[in-house]
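Below: one structure, written as C-alpha cells.
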Amino acid sequence: MERYEHGEIEKKWQKQWSEDGVYETQDIAQGKENFYQLFEFAYPSGNLHIGHWYAFAMPDIVARYKRMKGYNVLYPVGFDAFGLPAENAAIKRGVNPRDWTYENMDHMRMQMRSMGASFDWSREVVTCDPAYYKWTQWLFLQLYKAGLAEHRGVDANWCPSCKTVLANEQVVSGLCERCDSAVEKRQMKQWQIGITQYADRLIDDLDDVQWPQDIKMSQKNWIGRSEGAELEFKISGEDYKLKVFTTRPDTLYGVTYMVVAPEHEIIQNLEKKIPNIKAVRDYVAESAKKSEIDRTNDTKEKTGVLLEGIKAINPANDEEIPVYVADYVLGNYGTGAIMAVPAHDERDQAFALKYDIPVRHVVAKKVGEIASIDLEKVGSYGIIQNNEGKFLIQYSKRVDEYWLPGGTVEDGESLEQALEREVVEETGFSDFVNGNKVSVVVWDQYSHTKKKTRRNVCHAFAVSLSSKKRVEIKMTQVEKDDEMVSKWMTYDEIDAAIKKQVNKEKGEVMMLLLDTYVKREVFAKDGVMINSGEFDGMESEEAKKAIVEKVGGEITTTYKLRDWTVSRQRYWGAPIPIIHCDDCGPIAVPDAQLPVELPDVEDYLPNDDGRSPLAKNEDFVNVSCPECGKDAQRETDTFDTFMCSSWYFLRYCDPDNVESFADMEKLKMWMPIDHYSGGAEHTTMHLLYSRFFTKALYDLGLVPSSEPYTRRMNRSLILGPDGNKMSKSKGNVIDPDDIVEKLGADTMRLYLAFVGPYNEVSSYPWNPQSIIGVRRFIERIWKLQEKVGDGGTKASDQALHKALDTVTASIENYKLNTGVSALMGTINVLEKEVSITKEHMTLLVTMLAPYAPHVAQEIWEGIGHDGYVAKVQWPEVDATLLVEDEILLIVQIGGKVRDKVTVAAGQDDAALEKIALASEKVQKFIGEKEIRKIIVIKGKLINIVI
RNA sequence: GCCUCGGUGGCGGAACUGGUAGACGCGUCGGACUCAAAAUCCGAUUGUAGCAAUACAGUGUGGGUUCAAGUCCCACCCGAGGCACCA
C-alpha cells in the first residue's frame, strides 16, 4: 500500500477537473432542477486567509452534494474589486490601485484553486472590469430615471482619513467602518439613492424569506420603523404651527412643554419674538460644535434653553405651554420637534426635573380585569419614608393585610386635601409636607360583600414628615374592626409580607405605587386614561386614535433608515455616469456612451477638499452636454463599492452578455438564489442594499423576483489558537497555504466542517491538535483500502447506511460537523472487520466526496472505478438496513434508568412489559410496592410507575 | 433600556416531534509495540462515595407541568449580536 501523499493527489485531480471542465455549469440540464448556491465574493485584499476558506470551501460541500443529488448547481466565483480596502492598501504601498488589484486577483485565484472547490470559473465576475461596471452604471441610470437617485445637498458623513463621504451604514457608532476615524458632518452635494421609499417593503417582505431570526431583526432594527402620529400645535398669537411626531398621542393631555431641535426652523422664523434670542443662538452654536458622538454620548445630563416669548397651544385643551430648544431632540428624526410628557417619558421627566416643569399623569397602570364598572372611587395615598428609609404602612391585624396610609377623596376635596385628612386621621402624624405625585394605578376589582364591580383610582404622593408630632388617631369603625395599626417597614419587608397575604391584587397595587417611587420608574406603557377630559376611563391604546382624530392629527410612520449616499470622492471606483450642464442640470450619459471608463491617472490620491482625484483630470471632466451640446462637466465622484456588489449575483447568471446586464430568461432560470452565505458584518449593508436593488429592479421589470435570496445564513468566525481574532500584530495567524502544504486541502476542509455547526453564528478557535485528528481520520480511510476484499458483513452495511442517513441530513441542514462525526463513527466499525467489500468502500468514498473531494476521487479510482465520483448519484438510504434486529430496552422506574436489556426487535407491549418485570434489578426496586402504571415507548423504553 | 439568539464534561461540540445526557473528535491517564522516542494500536475518562457491584448528584439559577424535562411553561442570572436622548 502506498502512503497517502496529499500533495500529489490534490494537484493531480485539480488539474484533471480543470482540464475536463467538470464544474462548468450550463443554464439548462436535461431533467435537472437548477440550484443557485452563492457566497459573498472576495475583496482582492492580497492573500487568502482561513476566513476565505471557511467562506468558500464549506458551501462547496453543499454545492457538491446538491450536484450529486441531481441538481444543476451554479456555484460561481468572482471579485469585489473596486473600493476602499484595495485602494487604501495600494496607496499604503505606493502602487497604483489597478495594478495592485489585478496582481492580487491572480495570486488569489491560484490560492483558491488549491481548495479543490467546484467553482465555475468560466462565469467569473470582476467588478472593476469595464465590461462589468458598464452595467453598474446602466443600472444606476435606470434608478435615476425612475426617480430613485438624486443629486442633493446632504449633511454628509465625512471620513477625514479616507477623505470621502460615507453612507450611514458605514458609520459604526460615529466611527468610519473601515478605518475607525471619527466621522465629521459636512454639508455637501451628493448622489443619494432612495432606499427609504422601500423601507416598508424591506421590513414586510422579510416574512416571506427563510432567514434566521437574528438577521431579520437586525434589519428591522436598522430600518427602525415606528408608528405614531403627527400633531400640530399652534404658536400663540402667531400664524405658525409646530408639527411634532409622537408614538404616544394618547398622552396629549399630559404635555407640559415642547422641545425643538437646535436645527429647527422655528428659531429662524420667529427670532424677532424671542427676547432671549442671543442665549438661544449661543446654545444652538454650542450644540452644532458637538460631534455626533458627543451629542449622543452625554445621555444623562440634559440641557436646553427656554424660547421666551413663545407659547404653544395644546390642541386638546387649549392650554398654553412653554417651548424649549434642547439637543436631546434630533433635527433629522421625525419633525425635529416633540411634545414632552414628563409623566410618561423618561427623557422628558429628566428634563422636566432639571427645569422645574410640572408633571401631569394621564395614563394609569391597570390592575384587574373586569368587563364593566359599577362604581368608581378615587383614593389618595401617601408614600411616607422616614430617615431610616422605612415606609409608613397601615396594617390590619384581623385580615393580615398591608396598605398605604390615605383614603377616599370626598366631594369638594382635592387629592392633596384628602391625603392630609386621611393620613392625620389614620396615623396621627400631622406635620407633613405634601410632595410630588409619583404615580397612579387604576385597580378594577369585584367586591364580594357588595356584589359589585368597582374601579379604584389610586393616586400616590411622595410625602415627608417634618416632625414626628402625633395627634389623636380617629379611625373609622371599619378600621377599628380591622384592628388597624401603623407600622414602619423596609421595602424588602413589605415585599415579603404582601407575598403572604391573601389579597394578592391589593399587594400588587401597593407595590406598583411604591416601585414607581423607589425605582424612579416612569410609566411608559399602555394603561387607562385619566386627567384627559372626555377620554377618561378609556384604554390608552384606544385613546391614541380617538385623540388624533379629535385634534385633526395624522397617523404617520417614521424610519431611522436614511437614503443611501453612493458618491465617493475616491479614484478606485466606477465613475458615476452623469454629466452636469449649467443649463440642463444633471444629465444621464447616453447608453451608447457607456461605460464611462475610469481613466488611468498619475495622481490618484484622495483630497481633503471633498473632490475626487478625477476632478483634476481635464480630459475626463470636460465634455459637451448630451442634451444641448454646450460645454459641460462630468461627475467626478465614483460609486460606493456596495453599488457594484448589489447586483453581481445577477451577472453570474449571464456573465458574458454584451447586450444587457443579464438576460431575463437566464435570470428566470437561476433567481432567486437558493442559498446565500456570508459574514454577519454585511447584515445591514450589502444584504440590505442588494435587497433594495432587487426590489427596485423588479419594479422596473428587469429581474424576475423581488427578493434576491430565499435562504441566508451568516457564518461563524475562525479564531487564532489563542482564542483571539487572527491578526498579524497578535502573531496568531494561521496561513492556509501552510496547512495545505503540510496536511492537505482535504484535511483543511474536513477540519473546518468538523469544528462546529456551519449554520450558527459563533466563533471557533483554531485547534492545531484537532486538525491532526482529522488528518488521522483521512489516513485511516486511506488504509481501509487494504481491507477491500470478497467478504463483508451486514454490520458494515448497517453502519454505512446509518451514516448515510446522518450525512445527508447534515449537509441539507448545514450542520456539516455531524456528517463528519457520522463518517468517523462508521470507520470505527469498518476497521474492526476482517474484510469489507468494494461496495462498502464505494459507498464510503461517495459520502466523503463532498467533504474531501481529492482523496475520495483517488480512492474511487484506486478501487477500480472510472470517471468522477463527483458526478455519481448520491446514494439512497436502504431503510431496511436501519432497522435493528435487536434493541436495547431501557427500563425505568419512576423515570430513573434501572436496567438495560437487549431484546429482539418488534415485540409487542405486553411482551416487553413481561421482560422488564422479569429483570432482577427491577424486582429489587419494586419490592413490595404496588405498580400503578406502566408506560411503554415502542422499541425503546419502559417506565414503571410505583 | 428595547429587540434577537444563546448558556451541556478540561476543550470543540452530539442528543429526531419530551423518552439511555455527554455521540464524534481533541486533551488527559493507563497499557501494548520499542533499547528508547515518535508514529500506531488497545483501554479508561461528568462529579462524589466505594476494592467493587452500585448508589447519589448533574445540561446557568430558582420554581412549575409531566409517568418522564437539556428539550415545554414562569421568574431571574450571565454571554453574544442588533438598535439606542429615535419622541
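All chains are named by letter (A, B, ...) in the order of the sequence lines, taking the proteins before the strands, and each is independently numbered beginning at 1.
Glycosidic conformation of B:G64 is anti; the angle lies outside 90° of 0.
Residue A:Asn767 contributes atom CG, which lies 10 Å from atom P of B:G12 at whole-angstrom precision. Between the CG atom of A:Asp899 and the P atom of B:U54 there is a distance of 9 Å, given to the nearest Å. What separates NZ of A:Lys900 from C1' of B:A53 is a distance of 15 Å, to the nearest Å. Atom pair A:Ile827:CD1 and B:U40:C1' shows a separation of 14 Å (rounding to whole Å applied). Computed from coordinates, the A:Phe523 CZ to B:G1 P distance equals 18 Å when rounded to whole Å. Regarding A:Leu717, its CG atom lies at a distance of 14 Å from the P atom of B:A80, rounded to whole Å. What separates CG of A:Leu941 from P of B:C16 is a distance of 16 Å, to the nearest Å. When the C1' atom of B:C2 is taken as reference, atom CH2 of A:Trp222 falls 17 Å away, rounded to whole Å.
For A:Asn943, the side-chain atoms get nearest to B:G19 when compared with the rest of B:G19, B:A87, B:C26. Of the candidate nucleotides B:C85, B:G82, B:U4, B:U4 has the atom nearest to the side chain of A:Gln213. Relative to the side chain of A:Thr818, the nucleotides B:C86, B:A15, B:A57 differ in distance, and B:A15 lies closest. Among the nucleotides B:A87, B:U20, B:C24, the one closest to the side chain of A:Val897 is B:U20.
Note on A:Arg898: a side-chain N or O is less than 4.0 Å away from OP1 or OP2 of B:C56. Phosphate proximity of B:A87 to A:Ser226: present, with a side-chain N or O under 4.0 Å from OP1 or OP2. Taking 4.0 angstrom as the limit, A:Arg776 places a side-chain polar atom (N or O) nearer than this to OP1 or OP2 of B:U40. The phosphate of B:C86 (OP1 or OP2) has a side-chain N or O of A:Arg347 nearer than 4.0 angstrom. Look at A:Ser762 and you'll find a side-chain N or O under 4.0 angstrom from OP1 or OP2 of B:G13. At the phosphate of B:A57, OP1 or OP2 sits under 4.0 Å from a side-chain N or O atom of A:Lys896. An OP1 or OP2 oxygen of B:A87 is reached within less than 4.0 angstrom by no side-chain nitrogen or oxygen of A:Tyr328. Taking only side-chain nitrogens and oxygens, A:Gln769 comes nearer than 4.0 Å to OP1 or OP2 of B:G27. Of the side-chain N and O atoms in A:Asn817, one or more sit less than 4.0 angstrom from OP1 or OP2 of B:A14.
Comparing B:G31 with B:A80, their P atoms sit 44 Å apart, to the nearest whole Å. Distance noted for atom C1' between B:G63 and B:C56: 23 Å (whole Å). With P as the reference atom, B:G43 and B:A55 are 25 Å apart, rounded to whole Å. Spacing between B:U8 and B:G58 at atom C1', rounded to whole Å, works out to 10 Å. For B:G27 and B:G9, the C1' atoms lie 12 Å apart once the distance is rounded to whole Å. Separation of the P atoms belonging to B:A23 and B:U46 is 8 Å when rounded to the nearest angstrom. Between B:A21 and B:G70, the distance separating the two C1' atoms is 7 Å to the nearest Å.
The residue among A:Thr558 and A:Lys933 whose nearest nucleotide of RNA chain B lies closer to the 5′ end is A:Lys933. Residue whose closest nucleotide on RNA chain B sits further toward the 5' end, between A:Gly825 and A:Phe925: A:Gly825.
Within 4.0 Å of A:Thr683, counting heavy atoms only, lies no atom of the nucleic acid at all. Counting any heavy atom pair closer than 4.0 Å across all strands shown, A:Arg932 reaches no nucleic acid atom. Within 4.0 Å (heavy atoms only), A:Lys216 reaches no atom of the nucleic acid at all. At a threshold of 4.0 angstrom between heavy atoms, the contacts of A:Asp348 with the nucleic acid are absent. Backbone-only contact: A:Lys815 has heavy atoms under 4.0 Å from sugar-phosphate atoms and none from a base. Residue contacts shown for A:Lys921 are limited to sugar-phosphate atoms, with no base heavy atom under 4.0 Å away. Counting any heavy atom pair closer than 4.0 Å across all strands shown, A:Gln892 reaches a base atom. Within 4.0 Å (heavy atoms only), A:Pro757 reaches sugar-phosphate atoms of the nucleic acid but no base atom. Nucleic acid contact for A:Tyr751: none, since no nucleic acid atom lies under 4.0 Å from a heavy atom of the residue. Within 4.0 Å of A:Arg562, counting heavy atoms only, lies no atom of the nucleic acid at all. Within the nucleic acid shown, A:Phe245 comes within 4.0 Å of at least one base atom, counting heavy atoms only. At the heavy-atom level, A:Leu888 lies under 4.0 Å from base atoms of the strands shown. In this structure, A:Gly334 reaches neither bases nor backbone, as no heavy-atom distance under 4.0 Å exists between it and the strands shown. Within the nucleic acid shown, A:Ser821 comes within 4.0 Å of at least one base atom, counting heavy atoms only.
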One pair to check against side-chain hydrogen bond (donor to acceptor under 3.5 Å, both in side chains): A:Arg712 and A:Gln210. What are the steps and the verdict?
CA-CA 7 Å; A:Arg712 162 78 190 191; A:Gln210 302 165 43; over 6 Å; no

Would you check, one step at a time, whether the test side-chain hydrogen bond (donor to acceptor under 3.5 Å, both in side chains) holds for A:Glu169 with A:Trp222?
CA-CA 9 Å; A:Glu169 289 76 15; A:Trp222 181 259; 3.1 Å; yes

Please, what dot-bracket string fits RNA chain B when only Watson-Crick and G-U pairs with both distances under 3.5 Å count, crossing ones use [ ] and pairs to another strand use |?
(((((((..(((......[....)))((((((.......))))))((((....))))..(((((..]....))))))))))))....

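Judged by distance alone, the side chain of A:Glu40 and the main-chain N or O of A:Gly679 form a donor-acceptor pair under 3.5 Å. Side chain of A:His344 to main chain of A:Lys525: no donor-acceptor pair is present (N/O by atom type, distance under 3.5 Å, no hydrogens or angles).
A:Lys560 contributes no side-chain N or O that forms a donor-acceptor pair with the base of B:C86 under 3.5 Å. Between the side chain of A:Asn221 and the base of B:C83, no donor-acceptor pair under 3.5 Å is found.
Aromatic ring centroids of A:Tyr758 and A:Tyr54 lie under 6.0 Å apart. Between A:Tyr257 and A:Tyr355, the ring centre distance reaches or exceeds 6.0 Å.
Side-chain atoms of A:Thr558 and A:Tyr333 form a donor-acceptor pair, as typed in the model, at a separation below 3.5 Å. Side-chain N/O atoms of A:Tyr851 and A:Ser810 include a donor and acceptor closer than 3.5 Å. A donor and an acceptor atom, one from each side chain of A:Asn157 and A:Asn168, are located under 3.5 Å apart. Checking A:Arg780 against A:Asn828 by side-chain atom types alone, a donor-acceptor pair falls below 3.5 Å.
Stacking of A:Lys302 on the aromatic ring of A:Tyr328 is recorded, both the 6.0 Å distance cut-off and the 45° axial limit being met.
Using a 4.0 Å cut-off between charged nitrogen and carboxylate oxygen, A:Arg225 and A:Asp204 count as a salt-bridge pair.
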